[in-house]
Amino acid sequence: MKISFIGGGNMASALIAGLVGRLAAGPDIQVVDPNSEALHRLNGQYGVNTAETIGARVGESEVVVLAVKPQQMREVAAALRPQLAQSRPLVLSIAAGIRGADLSRWLGDYGAIVRCMPNTPALVGMGVTGMVAMPGVSEKQKAAADSILRAVGKTVWLADESLIDPVTGVSGSGPAYVFYFMEAMQQAALELGLSAEQGKELALETFRGAAQLAAQSSEPVEVLRERVTSKGGTTYAAITSMEQAGVKQAIVEAVKAAAARGRELGEQMGRDA
Ligand SMILES: NC(=O)C1=CN([C@@H]2O[C@H](COP(=O)(O)OP(=O)(O)OC[C@H]3O[C@@H](n4cnc5c(N)ncnc54)[C@H](OP(=O)(O)O)[C@@H]3O)[C@@H](O)[C@H]2O)C=CC1
Ligand SMILES: O=C(O)[C@@H]1CCC=N1
């Protein structure tokens, strides 16, 4: 499958790393990015083709992945318009917020658009992507979009585009919350006298083990949490401390803030159109 990435930053790199060797060979992928250093690195690591500006090769791709920042999307869409006119490849947009109708208009009433919200664990083949097809996407194109994102993890198809912002809040931004929690556990480990290395291993393996346990268990996570929490014991002390500090509610509010920012970005960029 010939795939072009417009934007070769963090998320595109994670997707490319997951895709090469699974669904596409390096030379089947083209990355367009003005940053020559980023291109050099991607070419060295994955053998992908590179270009600093959008050219004819993009139009020869079966799939074009739009992986630039939301604020760059309108300008990129205008540059892409003539290239897409001939072969009408499937367009996958991974940008937070940018609404399908706006993107379609910027691309010249383009129909074949699937909005995707992946996350960076795609880099190790363990991503999860929320996806929604715009009207005009064929079943064959949906299957192609699904196969790309499934090559780097799991996919969750959404019935309505409005659910992409909630997905952004939960899983698109989600790895950062997990890393933040790990940072806090590592800091506590250090303050309690463990070495940095020990703290890292203990925090990392605890996350890995807990996630695996939750994935394999038929019990809800609340029950799994209660099984760790002996009445009057150590976990009880920790959870009580977190409840008193309002940690759970703060996380709920944080996820909602991310979703709201996605919605706001979409409204802002659409308005500027
Ligand atoms: N990072 C993540 O975890 C996730 C990101 N996303 C979405 O992915 C998109 C990219 O995010 P992320 O990878 O983090 O951002 P990055 O800034 O790392 O990547 C964007 C890249 O696009 C380049 N770029 C700018 N203008 C153009 C252009 N005209 N043509 C081609 N490339 C261009 C940028 O170059 P320069 O830096 O020089 O401007 C940069 O290298 C965003 O829309 C984001 O919402 C979605 C899910 C998760
Ligand atoms: O922070 C962001 O805007 C992007 C979208 C989801 C994850 N990173």
Side-chain angles (χ1 to χ4, degrees), residues 3-19 29-43 48-55 57-58 61 64-84 91-100 102-103 106-107 113-124 126-132 145 148-149 152-156 158 163-180 254-266 268-270:
I3 308 174
S4 282
F5 281 82
I6 314 301
N10 291 312
M11 193 60 232
S13 302
L15 290 172
I16 291 164
L19 280 173
I29 294 178
Q30 184 192 216
V31 185
V32 179
D33 195 297
N35 182 337
S36 57
E37 249 174 63
L39 292 181
H40 188 69
R41 182 180 48 78
L42 285 167
N43 171 265
V48 297
N49 289 297
T50 60
E52 288 184 24
T53 53
I54 291 166
R57 213 191 136 116
V58 171
S61 303
V64 177
V65 182
L66 304 185
V68 295
K69 291 183 192 80
Q71 294 83 349
Q72 298 158 337
M73 195 58 101
R74 189 179 172 204
E75 187 192 320
V76 161
L80 269 176
R81 210 168 157 157
Q83 306 300 340
L84 303 189
V91 170
L92 302 185
S93 167
I94 67 165
I98 298 300
R99 292 175 297 206
D102 291 322
L103 183 57
W106 299 336
L107 287 170
I113 298 173
V114 174
R115 276 190 71 186
C116 308
M117 182 43 59
N119 64 9
T120 53
L123 182 69
V124 291
M126 293 194 68
V128 63
T129 303
M131 307 177 65
V132 63
I148 290 174
L149 276 309
V152 298
K154 300 204 163 147
T155 58
V156 176
L158 306 167
L163 295 172
I164 275 272
D165 295 321
V167 168
T168 307
V170 175
S171 57
S173 299
Y177 319 151
V178 174
F179 299 136
Y180 190 71
V255 172
K256 288 181 179 172
R261 178 63 184 145
R263 207 165 39 247
E264 182 185 59
L265 273 170
Q268 258 173 21
M269 298 305 130

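One-based numbering, in listed order, for ligands and for the atoms of each. In this text the structure is predicted, and so the values were computed from the model without any measurement.
- Within 4.0 Å of atom 2 (C) of ligand 2, not a single protein heavy atom is present.
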| message | Evaluate V76 against V32 for side chain to side chain contact (heavy atoms under 4.5 Å, CB included), listing each step before the verdict. | response | CA-CA 11 Å; V76 161; V32 179; over 6 Å; no
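- When only non-hydrogen protein atoms are considered, atom 5 (C) of ligand 2 lies nearest to A96 CB, 3.9 Å.
- Closest non-hydrogen pair, D33 versus L39, comes out as O-CD1, 3.2 Å.
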Without placing hydrogens or testing angles, list every side-chain donor-acceptor pair under 3.5 Å for residues 10-17, not counting sequence neighbours.
residue: S13; atom: OG; partner: G9; partner atom: O; Å: 2.6

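- In this structure, atom 7 (C) of ligand 2 lies nearest to the protein heavy atom G172 O, 3.4 Å.
- Of all heavy-atom pairs between C116 and L149, the closest is SG-CD2, 4.0 Å.
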N/O pairs closer than 3.5 Å, ligand 1 and protein:
residue: ligand 1; atom: 13 (O); partner: N10; partner atom: N; Å: 3.1
residue: ligand 1; atom: 13 (O); partner: M11; partner atom: N; Å: 2.8
residue: ligand 1; atom: 17 (O); partner: K69; partner atom: NZ; Å: 2.8
residue: ligand 1; atom: 18 (O); partner: N10; partner atom: N; Å: 2.9
residue: ligand 1; atom: 18 (O); partner: N10; partner atom: ND2; Å: 3.2
residue: ligand 1; atom: 39 (O); partner: Q72; partner atom: NE2; Å: 3.3
residue: ligand 1; atom: 41 (O); partner: D33; partner atom: OD1; Å: 3.4
residue: ligand 1; atom: 41 (O); partner: D33; partner atom: OD2; Å: 2.6
residue: ligand 1; atom: 43 (O); partner: V68; partner atom: O; Å: 2.6
residue: ligand 1; atom: 45 (O); partner: A96; partner atom: N; Å: 2.9

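- Partners of Q83 under the side-chain contact (heavy atoms from CB on, under 4.5 Å) rule, at least two apart in sequence or in another chain, are I54, A56.
- Summarising the geometry of P70 relative to L265, their closest heavy-atom pair is CG-CD1, 4.1 Å, with the distance given to 0.1 Å.
- Listed by chain and residue number, N119, K154, V156, S171 satisfy the side-chain contact (heavy atoms from CB on, under 4.5 Å) test with V128 (two or more places apart in sequence, or in another chain).
- In this comparison of S173, G262, A258, the heavy atom closest to atom 6 (C) of ligand 2 sits on S173.
- Considering all non-hydrogen atoms of both residues, G8 and L42 come closest at O-CD1, 3.7 Å.
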